[in-house]
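Contents: one structure, followed by commentary.
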Amino acid sequence: MTATQSIAVTNSNLYEEDFYLWIKTTAKQLKNGNFAEIDLDNLIEEIESMGRSEKRALKSNLLVLLMHLLKYKYQPDKRSNSWLSTIFEYRRRLKEDLTESPSLKKYLSEVFNECYQDARKQGSLETGLSLDTFPVDSPFTTEESLNQDYLPEQH
């Protein structure tokens with residue numbers, strides 16, 4: 001086993017034993033140009049995982065936003081500042097996600113309907129309203145959902 005192979009095995013073990021230290025070590029190796037020492041397999045896995053994590057966060061934030069927009073629209077007598085705060089917060093999170101990663105805009109459009117369907121079901125469970133209360137097709141567009149000034153009118 002060469003010295004480089006030995007370092008790679010050690011880094012691979014470090015990945016399993018102390019993830020934070022593995023991150024610090026890998027970052028230092030990258031900064032110093034010590035590319036032969038890098039635990040490449042685990043680095044690739046982590047980078048791919050980061051992309052999946054960004055997508056999951058976007059979907060989760062969108063689902064919460066859509067659910068609160070539905071509650072706001074279909075339960076006007078229960079509107080509260082808390083709901084408005086949640087709508088504002090999740091729009092802010094989505095704006096931040098899309099500003100930091102503009103390529104996620106296409107993904108947001110692709111998952112909008114799926115998230116709406118989930119928000120519809122979760123909204124029904126949370127409010128006690130029949131699932132049929134909420135239309136099958138979203139009453140808000142993607143643009144309206146993200147617009148800080150938009151609030152749906154009651155039905």
Side-chain angles (χ1 to χ4, degrees), residues 11-31 35 38-155:
N11 283 348
S12 182
N13 291 343
L14 189 57
Y15 178 82
E16 300 297 330
E17 295 167 9
D18 189 336
F19 183 70
Y20 179 72
L21 183 57
W22 176 84
I23 289 172
K24 287 180 64 173
T25 301
T26 302
K28 184 176 180 182
Q29 290 166 336
L30 287 166
K31 286 178 186 175
F35 304 121
I38 293 173
D39 174 11
L40 198 54
D41 290 339
N42 285 321
L43 180 58
I44 290 167
E45 181 179 322
E46 288 304 316
I47 290 172
E48 289 173 342
S49 176
M50 288 170 55
R52 289 188 300 273
S53 180
E54 290 295 311
K55 285 180 168 184
R56 276 193 306 275
L58 184 124
K59 281 179 75 172
S60 176
N61 290 335
L62 181 59
L63 183 139
V64 172
L65 171 62
L66 292 172
M67 185 183 67
H68 276 78
L69 288 172
L70 284 171
K71 287 172 31 176
Y72 189 90
K73 181 175 177 71
Y74 292 96
Q75 285 193 305
D77 54 319
K78 295 190 178 187
R79 289 178 180 168
S80 68
N81 287 337
S82 174
W83 285 2
L84 289 173
S85 178
T86 298
I87 290 168
F88 176 83
E89 171 63 16
Y90 282 84
R91 281 178 170 159
R92 185 196 63 72
R93 289 180 185 194
L94 286 163
K95 179 182 178 187
E96 187 176 294
D97 290 345
L98 296 173
T99 298
E100 290 178 4
S101 300
S103 63
L104 285 175
K105 287 178 185 173
K106 181 178 181 221
Y107 180 71
L108 181 105
S109 296
E110 291 170 1
V111 298
F112 185 85
N113 189 55
E114 175 189 342
C115 289
Y116 174 73
Q117 297 307 319
D118 290 342
R120 206 175 149 247
K121 290 174 190 164
Q122 190 167 343
S124 174
L125 291 170
E126 190 170 307
T127 64
L129 296 172
S130 165
L131 184 61
D132 295 335
T133 303
F134 308 117
V136 174
D137 295 323
S138 176
F140 345 101
T141 65
T142 305
E143 294 75 23
E144 287 170 334
S145 299
L146 298 176
N147 181 344
Q148 287 291 0
D149 297 322
Y150 171 78
L151 288 172
E153 296 300 320
Q154 60 189 39
H155 61 283

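Judged purely by atom type and a 3.5 angstrom limit, Asn61 uses its side chain to pair as donor or acceptor with the backbone of Ala57. A donor-acceptor pair under 3.5 Å links the side-chain atoms of Thr141 to the main chain of Glu144, judged by distance alone. The closest donor-acceptor contact from the side chain of Lys73 to the backbone of Glu153 lies under 3.5 Å. Without hydrogens or angle criteria, Thr133 side chain to Leu129 main chain gives no donor-acceptor distance under 3.5 Å. Judged purely by atom type and a 3.5 angstrom limit, Thr86 uses its side chain to pair as donor or acceptor with the backbone of Ser82. One N or O on the side chain of Gln117 and one on the backbone of Val136 form a donor-acceptor pair closer than 3.5 Å. Here the side chain of Glu46 pairs no donor or acceptor atom with the backbone of Leu43 at under 3.5 angstrom. Distance alone, capped at 3.5 Å, is enough to place a donor-acceptor pair between the Thr99 side chain and the Lys95 backbone. Within the 3.5 Å criterion, the main-chain N or O of Ser145 finds a donor-acceptor partner in the side chain of Arg91. Between the side chain of Ser85 and the backbone N or O of Asn81, no donor-acceptor pair lies under 3.5 Å.
Within a 6.0 Å radius of CG in Asp18, more than 12 heavy atoms belonging to other residues, nucleotides or ligands are found.
We find the CG-CG distance between Leu62 and Leu146 to be 7.5 Å, quoted to the nearest 0.5 Å. Here the CE-OG distance, from Met67 to Ser124, works out to 11.5 Å after rounding to the nearest 0.5 Å. Of the inter-residue distances, the one linking Arg92 atom CZ with Tyr90 atom OH reads 10.0 Å to the nearest 0.5 angstrom. Distance check: Ser53 OG to Leu58 CG gives 11.0 Å after rounding to the nearest 0.5 Å. With rounding to the nearest 0.5 Å, the separation of OG1 in Thr26 from NZ in Lys31 is 12.0 Å. In this structure, the separation between CD1 on Ile38 and CG on Leu30 is 3.5 Å, given to the nearest 0.5 Å.
Using a 4.5 Å heavy-atom cutoff, the side chains of Lys24 and Lys28 are not in contact. No side-chain heavy atom of Leu108 sits under 4.5 Å from any side-chain heavy atom of Lys105. The side-chain heavy atoms of Gln29 and Phe35, taken from C-beta on, include no pair separated by under 4.5 Å.
A salt bridge links Glu126 to Lys71: one of the charged nitrogens lies within less than 4.0 Å of a carboxylate oxygen. Arg93 has no carboxylate O lying under 4.0 Å from a charged side-chain N of Glu96, or vice versa, which leaves the two without a salt bridge.
Among all heavy-atom pairs drawn from Tyr150 and Pro139, the shortest one is OH-O, 4.4 Å. Shown here for Ala119 and Leu66, the closest heavy-atom pair between the two residues is CB-CB, 3.7 Å. Here the shortest heavy-atom pairing between Pro135 and Tyr116 reads O-OH, 2.6 Å.
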Run the numbers on Leu151 and Leu84 for side-chain contact (heavy atoms from CB on, under 4.5 Å), then give the verdict. CA-CA 9 Å; Leu151 288 172; Leu84 289 173; 3.7 Å; yes
Intermediate values then yes/no, side-chain contact (heavy atoms from CB on, under 4.5 Å), Asp39 and Leu14: CA-CA 9 Å; Asp39 174 11; Leu14 189 57; over 6 Å; no
For Asp118 and Cys115, run side-chain contact (heavy atoms from CB on, under 4.5 Å): C-alpha distance rounded to whole Å, both residues' side-chain angles, the deciding distance at 0.1 Å, then the answer. CA-CA 5 Å; Asp118 290 342; Cys115 289; 5.7 Å; no
Using the side-chain contact (heavy atoms from CB on, under 4.5 Å) rule, take His68 and Tyr72 through it: C-alpha gap first, then chi angles, then the decisive distance, then the call. CA-CA 6 Å; His68 276 78; Tyr72 189 90; over 6 Å; no
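Between Trp22 and Phe19, the ring planes are parallel. Angles under 30° get that label, and only those over 60° would be called perpendicular.
For Arg120 and Phe134, the positive end is not near the middle of the six-membered ring at less than 6.0 Å and at most 45° from its axis.
Between Glu54 and Tyr107, the side chains place no donor N or O within less than 3.5 Å of an acceptor N or O (distance only, hydrogens not considered).
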